[in-house]
Amino acid sequence: MASLAFTTTPSPQFPPFKPKKSHKFIPTHLTKLQEDAKSHQVLYKSYFHRISSLCKEGQVQEAVNLLAEMELKNLKVGPQIYGELLQGCVYQRALFTGRQIHAHIVKHGNFFTENEYIESKLVIFYAKCDVLEVSNCLFRRLLVQNVFSWAAIIGMHCRMGFSEEALLGFVEMQRNGFLPDNFVVPNALKACGALGWIGLAKGVHGYVVKMGFGECVFVASSLVDMYGKCGILEDARKVFDGMLERNVVAWNSMIVSYVQNGMSEEAVEVFYDMRVEGIEPTRVTVSSFLSASANIGALEEGKQGHAIAVLGGLELDNILGTSIINFYFKVGLIDDAELVFSRMLEKDVVTWNLLISGYAQFGQVDKALNICQLMRSENLRFDAVTLASLLSASADIRNMKLGKEGHCYCIRNNLESDVVVVSNIVDMYVKCDRIDYARQVFNSSVKRDIILWNTMLAAYAELGQSGEALKLFYQMQLEGVPPNAISWNSVILGFLRSGQVNEATDMFLQLHSLGVQPDWIPWTTLISGLAQNGFQDEAILVFQQMQEAGITPNTTSLFSALSACTDKAALHYVKAIHGYVTRHNIWLSIPIATSLLDMYAKCGITDQENCAFDMILSKESIMQ
DNA sequence: ATAGGGTTAG
């Protein structure tokens with residue numbers, strides 16, 4: 001055993017915790033050997049002291065260098081020193097230095113490999129440095145497990161995204177008789193959240209209550225985050241409200257939970273509550289608040305967020321930077337987005353992609369392409385997101401040459417296995433009037449998600465190739481992809497475009513009988529399709545049915561209804577729609593205004609005509 | 001005599 005080995009070696013009697021001034025008490029009748037031992041001890045203590053303080057100052061490598069000196073002076077290094085050194089490496093995540101120490105232990109202190117303290121320290125060290133294989137292996141060979149080694153192993157699996165393994169460990173440690181403490185529980189909750197395992201998570205919550213960990217901010221914040229990740233916002237809020245003490249992470253978890261569940265207004269509110277409480281926001285706070293502001297288009301709030309980041313001296317890292325840029329793009333302030341981009345010191349692929357897709361969405365394809373070139377000159381590679389933006393930009397400007405270049409890049413760089421990229425390639429060829437190319441790409445794709453199916457389906461529908469559309473519609477179901485409202489809409493549109501009105505109406509009724517409540521899109525498709533096929537009365541009837549079904553008309557559906565009003569007989573409908581538009585203060589789009597004017601002109605009604613015309617003028621002047 | 005923990009963009 002290790003302890004036996006210590007007593008037989010002369011010098012490394014481990015220094016007591018409070019060093020005594022031992023030299024004062026050396027009796028004069030000590031033998032030469034005993035005196036040597038004493039002076040060794042003094043020397044050893046001084047080395048221990050130096051090593052320990054170097055480790056605490058973060059200079060582990062310097063501390064390790066002292067080991068060689070000790071060897072020269074014939075001092076044997078004890079487990080306490082190795083413990084200090086390894087701890088220093090844990091703080092610094094100094095993998096290289098830690099390996100050196102491990103080697104030292106194996107070489108110079110073979111009995112220490114059976115010292116449980118050093119062994120678990122090694123497990124913790126490798127776990128902290130995310131060296132999965134080594135720490136797992138050492139852990140399995142541990143003679144004595146304890147809560148610390150279990151916590152390190154579980155934490156490592158959690159960090160590296162192996163949530164199942166982390167939870168398996170959490171269960172096994174309890175089977176082995178170790179009670180999880182408030183340090184392990186957050187990791188278990190994080191794993192539950194990542195997997196959405198709400199059943200187990202609730203069990204852990206119960207355990208937290210039973211053990212009285214609920215007071216611990218770390219545990220409570222993890223509960224908030226876990227419930228947020230599982231989409232149970234009421235419980236997240238309940239835990240949050242029940243917290244006696246909330247640090248900034250607790251607030252952040254609540255804000256993030258709301259943002260991730262599409263409840264941006266609530267997120268903004270929590271942010272303001274946090275400000276009232278005087279809690280200083282971090283980068284996490286501000287970037288989450290900015291996504292919330294971007295989601296709801298809250299211009300002033302988002303600008304305030306940016307100001308808070310600047311005033312608070314928050315470092316403009318990739319995440320905060322992209323959040324700010326994303327916000328400015330979402331509210332249309334491209335110049336501000338550019339300014340922030342230029343101030344960022346480090347940019348990763350995500351940052352560049354954001355800029356590219358931002359420009360592409362605002363139709364500034366030239367700028368998007370310029371950014372691509374700059375990105376290449378910084379030696380960054382395009383990824384699937386870059387290509388998706390590029391392809392969709394090529395589609396928007398109907399530039400097939402550019403689109404083909406993008407397609408080729410995808411082939412060369414193995415990006416065509418990405419479903420998003422493939423959908424964009426297909427859509428690009430469709431928009432460039434080469435449905436045959438699109439179909440080829442579609443056929444050779446390996447994985448097909450609902451979006452890819454719908455892209456191809458919509459292409460045939462637009463062209464009125466209802467047969468092909470219907471074939472795809474059945475094929476996707478055979479391949480296990482259930483159609484959604486958009487797929488149904490395409491089939492209906494395909495029939496309408498090819499003049500098969502009965503089939504279209506039939507499909508629409510089938511959609512109803514499936515218990516799916518169609519949104520305004522299929523309704524509008526049917527209305528304008530009926531009108532285009534000469535079934536004006538039916539179209540108006542469907543428009544009325546849509547409102548009876550509880551769907552509020554929007555600009556597009558109003559236009560489709562107006563398109564059904566082609567002769568004087570429908571004048572009262574036109575007037576009704578006109579009145580509706582005015583009462584509900586709906587933005588008078590150019591197509592709607594034009595239809596109104598057209599109809600009034602046909603019927604020789606100049607008063608109404610003038611009225612509609614005035615509306616356009618006033619709306620347009622407001623817009624400018 | 002002794003070690004450790006939660007949140008973030010597309």
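Naming convention: chains lettered A, B, ... in sequence-line order (proteins, then strands); numbering from 1 in each chain. Every heavy atom of this structure was used, including side-chain atoms; hydrogens, water molecules and symmetry mates were not.
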Rounded interatomic separation in angstrom, taking CE from A/M226 and P from B/dG6: 16 Å
A/F125 versus A/C89, closest heavy-atom pair with distance: CE1-CB, 3.6 Å
Sugar-phosphate only, base, or nothing, as touched by A/A250 at under 4.0 Å among non-hydrogen atoms: base
Base of B/dA9 paired with side chain of A/N318 (donor-acceptor, under 3.5 Å): no
Sugar-phosphate only, base, or nothing, as touched by A/S149 at under 4.0 Å among non-hydrogen atoms: nothing
Phosphate OP1/OP2 of B/dT2: any A/K121 side-chain N/O under 4.0 Å: no
Which nucleotide in B/dT8, B/dG4, B/dT7 has an atom nearest any side-chain atom of A/K190: B/dT7
Check: A/S323 side chain, B/dA9 base, donor-acceptor under 3.5 Å: no
Separation of B/dT2 P from A/E84 CD (nearest whole Å): 10 Å
A/F148-B/dA3 aromatic stacking (under 5.5 Å, under 30°): yes
Interatomic distance, A/Y359 OH vs B/dG10 P [rounded to whole Å]: 19 Å
Sugar-phosphate only, base, or nothing, as touched by A/S221 at under 4.0 Å among non-hydrogen atoms: base
A/Y328 OH to B/dA9 P, straight-line distance once rounded to whole Å: 19 Å
Touch class at under 4.0 angstrom, heavy-atom based, for A/D348 against every strand present: base
Any A/V286 side-chain heavy atom under 4.5 Å of A/H306 side chain: no
Gap separating the NZ atom of A/K229 from the CG atom of A/L195, nearest 0.5 angstrom: 12.0 Å
Any A/Q260 side-chain nitrogen or oxygen under 4.0 Å from OP1 or OP2 of B/dT8: yes
Sugar-phosphate only, base, or nothing, as touched by A/I319 at under 4.0 Å among non-hydrogen atoms: base
Polar side chain donor-acceptor pair, A/N318 to A/E346, under 3.5 angstrom: no
B/dA3 OP1/OP2 closer than 4.0 Å to side-chain N/O of A/Y91: no
Integer-rounded Å distance: B/dA3 P and A/I81 CD1: 17 Å
Base B/dG10 to side chain A/D383, donor-acceptor N/O within 3.5 Å cut-off: no
Atom pair distance, as rounded to whole Å: OH in A/Y117 and P in B/dA3: 7 Å
Distance test, side-chain N/O of A/N187 to OP1/OP2 of B/dG6, below 4.0 Å: yes
Closest listed nucleotide, where the reference is the side chain of A/V147 and the choices are B/dG4, B/dT7, B/dA3: B/dG4
Sugar-phosphate only, base, or nothing, as touched by A/V385 at under 4.0 Å among non-hydrogen atoms: nothing
A/K229 side chain near B/dT8 phosphate (N/O to OP1/OP2, under 4.0 Å): yes
Candidates B/dG10, B/dG4, B/dT7 - which lies nearest the side chain of A/S253: B/dT7
Atom-pair distance (CE on A/M274; P on B/dT7), nearest Å: 16 Å
Row check, A/F341 ring normal vs A/K347 NZ/CZ: under 6.0 Å, within 45°: yes
Whole-Å gap separating P (B/dT8) and CZ (A/F327): 22 Å
Parallel, tilted or perpendicular: ring planes of A/Y82 versus A/H104, cut at 30 and 60 degrees: tilted
Salt bridge (charged side-chain N to carboxylate O under 4.0 Å, His left out) evaluation trace for A/E119 with A/R141: CA-CA 9 Å; A/E119 281 192 330; A/R141 294 202 314 220; over 6 Å; no
hbond_proxy A/S222 side chain to B/dG6 base (donor-acceptor, 3.5 Å cutoff): no
Listed nucleotide nearest any side-chain atom of A/N247, set B/dG6, B/dT8, B/dG4: B/dG6
Donor-acceptor pair (no angle test) under 3.5 Å: A/N326 side chain, B/dG10 base: no
